[in-house]
Structures are given as structure tokens and as C-alpha cells.
Amino acid sequence: AKTLPVPVVSVGNLTVGGSGKTPLVAALARELLAQGHRVAVLSRGYGRESSAPYVLVSDGERVLRGVRDGGDEPVELARAVRGLAVAVGADRYEVGQRLLAELGPHILLLDDGFQHRGLVRDVDLVCFDCSEPPSSWRLLPAGRLREPLSSVARADAVILTGWRDGVPPELVSGRPLFRADTRVVELIRLSDAEERLRPDAFHDQPVAVAAALARPERVKGSLDARVVHFATRRDHHRWRAHEVAALTAASERAGAKAILVTGKDAVKMDGMETSLPIYRIAVETQVLDAAALRKLLVFPTL
């Protein structure tokens, strides 16, 4: 493992997909930015078409690249967190070196970094989704684990995402536990970012939902609306114009007043005109034990 000359914080998990990593990375980035640090995310950029070893998606002031070059989650983070730099590439050490040379010292956040063992990190956080049934805590292919539960021993702390009272932490005991909850904070129109609605703007009204995620059912359950059409695709699916046209037609037939999409899907629908308004479901993660977690994130000003 190689070491970079700045603090490195990794956010990862033990399961395949859908553990709430990306909103947690955004929450940590906002916290560190609020403390006055310069912050950058290093990501593999899964699903991007570019094979370049280093792509600067955002320099912290401008979003420089789209989904084709940067991947959906890096672009989503770059757009969602003002002031956050984002870079992608397979070798996170090389990506970190190049970003630091180009932009200067930053605290680095590794998105999905728990299995990326080639870079030394100062803080290692592992997410566990509280909605996972006990049957999923088995190694692939019997369950959803990428590696044994015993691997959590190398983490500094465990983040229980989607927290709800009564969830037993026995499966991940032995490390500090922090509870986190992710909620819808507003609905933002894709064609006009100035149009921002309250989370309950479509209360008891018919809407369509489109989600290309590992756990799309969680999106549907988070909405205060009556979902009359639910379109799902595999995780990281790239929406094409003809698919969005078909989605719109099906939504209209079902009587939907609008189409709601996740942030991960919204970045792949840029510029697609439809007869129904499309709104991005903006979510934010709140760490309920924020004061305790903040003690792990004490770094000198760079």
C-alpha cells in the first residue's frame, strides 16, 4: 500500500451495491468543507466510457466532465456538493497524486474504497444497510457479501445507514457504530434547477418513478406520493432518449403528473425533453451520532 501526503478517508462496504455510500460521502464532504478544509473525492468512475487513467470531473469550482468521461456517481457528487473536487481513475494512488499536483493539498475521500487496498487511509468507514435481511449476510453467491463479516475488523468505524429503531447491531459489533438516516430534502426540476419543490409537493398525487439502482424499491418507499408507474433498470444503466420517451408515454397513460428520478439517473437524462416534467429526488444523509463521528475527522488545516 502506498501513502499520499494528505489525510485520506475511505467510505466503503462489504456488500454489493445499495448501502448508501454516495450520500454518506456527500455528507462527509459537506462536513469537512464546513470546517474550512479543501476536499476531493477519488473514485474509480464505474460505468464511464473513458478508459483514461485520470479524469478531473470537478476542480471544486466547475463541473468539467459528464457521465461519459466521469461515471454517474462522481458527476452526481460533483453537482450535489458545492466546492467539492472530484477525480476518477482505476489507480486511486495515481489519481490522488495527479489531483494534488494540479489542485494543491486536499483531504481525500475514497468513494467505495474498502476493497481498494493499494492506498493507505487515515480513517476507514464501512456502511451497512439496516434494511438488509439476515439472509443477505452471507458470501456471494449465497448472499450479498463481497468478503466475510470478519473483515470489518480492519475498519475504524461502522455506519449503519437507513437507521431505524430496533435494528440489532450484533452482526457488526466490535467496532464503533454510528447511525445515519437518508431523507428526501427537495425535488429539483431537471430543465430548470431554480424550480425546487418540497419533498411532499406531490402528496397523494400520481407520479412516475425511474430508478437504475441496486435497490430501486427503497426510492419508491421514500416518496410522499402515489406511484402509478415504476420503471427500474440495472444499477448504473445509461438512459437513452428513446427509453425516456417510452417512459414518458407509459407515465402519461398511467395518469402521472410528473416523473421523479434519482440523482444518479438525473445526470444521465441531461437535455432530454419530455412532455412531463422530470424532477431529481435530492437526498441528504444525516449522521445521528455526528459529534462522535466528528472526532474521527479531526485533521490539520492543509
Side-chain angles (χ1 to χ4, degrees), residues 12-27 46-47 72-73 76 80 112 127-138 140-146 159-168 171-172 179-188 190 199-239 243-244 246-248 250-251 253-269 276 278-286:
N13 65 5
L14 293 186
T15 60
V16 288
S19 64
K21 292 188 309 295
T22 302
L24 179 62
V25 169
Y46 185 84
D72 50 16
E73 290 174 347
E76 179 188 1
D112 198 12
C127 299
F128 281 85
D129 179 7
C130 290
S131 68
E132 291 274 11
S135 60
S136 69
W137 299 106
R138 300 176 185 175
L140 290 166
R144 291 168 52 84
L145 288 177
R146 297 176 177 179
I159 312 292
L160 299 175
T161 59
W163 171 258
R164 62 185 188 278
D165 290 337
V167 175
L171 286 171
V172 290
R179 303 163 299 156
D181 184 31
T182 301
R183 300 185 180 221
V184 178
V185 293
E186 59 184 346
L187 304 173
I188 304 173
L190 262 58
D200 60 353
F202 293 102
H203 173 70
D204 203 30
Q205 296 185 48
V207 300
V209 174
L213 304 173
R215 304 288 298 278
E217 69 281 356
R218 293 194 308 185
V219 177
K220 185 177 179 182
S222 70
L223 297 172
D224 184 5
R226 182 160 49 89
V227 179
V228 295
H229 182 65
F230 188 37
T232 63
R233 299 289 189 276
R234 62 178 176 77
D235 198 11
H236 299 285
H237 175 75
R238 180 76 58 82
W239 292 94
E243 291 180 292
V244 175
L247 166 66
T248 303
S251 302
R253 288 194 299 270
K257 292 188 174 182
I259 301 172
L260 310 185
V261 303
T262 72
K264 196 170 174 179
D265 296 296
V267 297
K268 291 172 284 192
M269 294 183 178
L276 280 178
I278 302 179
Y279 292 88
R280 172 169 64 89
I281 305 165
V283 301
E284 287 187 7
T285 289
Q286 178 186 11

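Everything quoted here is computed from the prediction, not taken from an experiment. Here, residue 1 is the first one in the sequence, and each next residue gets the next number.
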side-chain hydrogen bond (donor to acceptor under 3.5 Å, both in side chains): which pairs involve residues 201-214, sequence neighbours left out? H203-D224, Q205-K257

If we ignore hydrogens and angles and just use 3.5 Å, is the side chain of R179 paired with the main-chain N or O of L160 as donor and acceptor?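 No, the answer is negative, given that no donor and acceptor are paired below the 3.5 Å cut-off.
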
Main-chain N/O of H237 paired with K268 side-chain donor or acceptor, under 3.5 Å: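 It does hold such a pair.
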
For [X], what residues pass the side chain to side chain donor-acceptor pair (under 3.5 Å) criterion, not counting sequence neighbours?
X: R226; value: none
X: T262; value: D265
X: E73; value: K264

With rounding to the nearest 0.5 Å, note down the distance linking [atom1] in [X] to [atom2] in [Y].
X: I188; Y: Y279; atom1: CD1; atom2: OH; result: 11.5 Å
X: I281; Y: E186; atom1: CD1; atom2: CD; result: 12.5 Å
X: D235; Y: D72; atom1: CG; atom2: CG; result: 7.5 Å
X: I278; Y: I259; atom1: CD1; atom2: CD1; result: 4.5 Å
X: N13; Y: L145; atom1: CG; atom2: CG; result: 9.5 Å
X: M269; Y: E243; atom1: CE; atom2: CD; result: 8.5 Å

With a cut-off of 6.0 Å (strictly less than), are more than 12 heavy atoms of other residues, nucleotides or ligands near CZ of R138? no

With sequence neighbours excluded, residues passing ring-ring contact (aromatic ring centres under 6.0 Å, His included) with H229: none

Just to verify, what does F230 make a ring-ring contact (aromatic ring centres under 6.0 Å, His included) with, not counting sequence neighbours? none

Which heavy atom of [X] sits nearest to which heavy atom of [Y], and what is that distance?
X: L276; Y: S251; answer: CD1-CB, 3.7 Å
X: W137; Y: D129; answer: CZ2-O, 4.2 Å
X: W163; Y: D181; answer: O-OD1, 4.2 Å
X: L187; Y: P199; answer: CD1-O, 4.2 Å
X: L260; Y: F202; answer: CD2-CE1, 4.2 Å
X: A211; Y: W239; answer: N-CZ2, 4.3 Å

side-chain contact (heavy atoms from CB on, under 4.5 Å) for V207 and V227? Distances and angles first, verdict last. CA-CA 5 Å; V207 300; V227 179; 4.3 Å; yes

Is the shortest side-chain N to carboxylate O distance from R146 to D112 below 4.0 Å?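 The answer is yes: the pair qualifies as a salt bridge.
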
